[in-house]
Participant: 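Have a look at this one.
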Amino acid sequence: MITADSTKILKFLFEEELLSEIQKVSQLQKVPKGEIMIDVGEQVKFIPILLEGAIKIVREDESGEEVLLYYVEFGNTCAMTLNCCLENSTSEIRAICEKDTSIIMVPVSFMDKWLVNYRSWRNFIFQNYQDRLNEMLKAIDSLTFLKLDERLRNYLKEKSKVADDSTLEVTHLDIATDLNSSRVVISRLLKQMENEGEVSLGRNTIKIKY
DNA sequence: ACATTAAGTGATT
DNA sequence: AATCACTTAATGT
């Protein structure tokens, strides 16, 4: 059970009836920045709907190599989670909180019923599938077609968009792991970008100038 | 003051 | 573009 206030912000997504159902069966969860919400191999029991903050979705291979896939923002849910719910399998990805985040957790058991009963729920699910799939395509394009310096630019742009801030608090190492590269290389590229006047650098901070 | 962590650099593959 | 080895600088205890 959660407060009506929490669901009110989602009015643009769902009809009243569904909203009150969501309100009845869900839990509100606040997760601090940096916390791992779901890790590879974990069972997914809830469908998350984001109220505020942002979640970073990364893929990890056996040897612990990481790549950033996409961010989940307000009013969205994670398609991989949906995927897991449908086939009742474990998570293929890791979800990390990018900022302090609050989420509505809907138990997966309602998934099927609502798909049948509520048009707005169907739309929500399908729309999210579509959006996430597109994001994944972007990620693949970036990986296969772009050189590292261009990927880095995209990365910084995305990150500052999600943070809603042109000054990022990140270490070069963080970036390197997100892009599956090495710290030294990132440092050098950033230095280069700084010389070109694209960014200015400080310890733990990158300011993007446009 | 000392240890730890972040970032810069030259050389090598 | 990655890795190594090392330096310098900033921060925490």
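Chain A is the first sequence line, chain B the second, and so forth, proteins listed ahead of strands; every chain is numbered from 1.
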Participant: Report the residues that fulfil ring-ring contact (aromatic ring centres under 6.0 Å, His included) with A:Phe14, sequence neighbours left out, ordered by chain and then residue number.
Facilitator: A:Trp121, A:Phe124
Participant: Which atom pair, heavy atoms only, marks the closest approach of A:Phe74 to A:Leu51?
Facilitator: CD1-O, 2.8 Å
Participant: Please answer: with hydrophobic residues joined when any side-chain heavy atoms are less than 4.5 Å apart, are A:Ile125 and A:Val25 in the same cluster?
Facilitator: yes
Participant: When every nucleotide of nucleotides 6-13 of chain B is labelled 5' to 3' by its protein contacts under 4.0 Å (heavy atoms), B for base, S for sugar-phosphate only, - for none, what sequence of letters results?
Facilitator: BBBBBB--
Participant: Does the side chain of A:Gln127 pick up a donor-acceptor pair with the side chain of A:Asp131 at under 3.5 Å?
Facilitator: yes
Participant: Measure across A:Leu115 and A:Arg122 and return the closest heavy-atom pair with its distance rounded to 0.1 Å.
Facilitator: O-NH1, 2.8 Å
Participant: Would you give me the side-chain donor-acceptor pairs under 3.5 Å for residues 164-179 of chain A, sequence neighbours excluded?
Facilitator:
from     : atom 1 : to       : atom 2 : distance (Å)
A:Asp165 : OD1    : A:Thr167 : N      : 2.9
A:Thr171 : OG1    : A:Leu173 : N      : 3.4
A:Thr171 : OG1    : A:Asp174 : N      : 3.0
A:Thr171 : OG1    : A:Asp174 : OD1    : 3.4
A:Thr171 : OG1    : A:Asp174 : OD2    : 3.2
A:His172 : ND1    : A:Ser187 : OG     : 2.9
A:Asp174 : OD2    : A:Thr171 : N      : 3.4
A:Thr177 : OG1    : A:Leu173 : O      : 3.0
A:Thr177 : OG1    : A:Asp174 : O      : 2.8
A:Asp178 : OD1    : A:Lys56  : NZ     : 3.0
A:Asp178 : OD2    : A:Lys56  : NZ     : 3.2
A:Asp178 : OD2    : A:Tyr155 : OH     : 2.6

Participant: Salt bridge check, A:Lys11 against A:Glu16: does any charged N sit closer than 4.0 Å to a carboxylate O?
Facilitator: no
Participant: Taking NZ, NE, NH1 and NH2 as the nitrogens, is one of them in A:Lys24 or A:Glu21 under 4.0 Å from a carboxylate oxygen of the other?
Facilitator: no
Participant: For residues 33-44 of chain A, tabulate all N or O donor-acceptor pairs below 3.5 Å that involve a side-chain atom, not counting sequence neighbours.
Facilitator:
from    : atom 1 : to      : atom 2 : distance (Å)
A:Asp39 : OD1    : A:Arg94 : NE     : 2.9
A:Asp39 : OD1    : A:Arg94 : NH2    : 3.2
A:Gln43 : NE2    : A:Asn88 : OD1    : 3.2

Participant: Take the C1' atoms of the five end pairs on each side of the helix from B:dA1-C:dT13 to B:dT13-C:dA1, derive the two axes, and give their angle rounded to 10 degrees.
Facilitator: 10°
Participant: Salt-bridge test for A:Arg153 and A:Glu198: reply yes if a basic N is under 4.0 Å from a carboxylate O, no otherwise.
Facilitator: yes
Participant: Does anyone know the first and last nucleotide of DNA chain C in reach of chain A, 5' to 3', at under 4.0 angstrom to a heavy atom?
Facilitator: C:dA1 to C:dT11
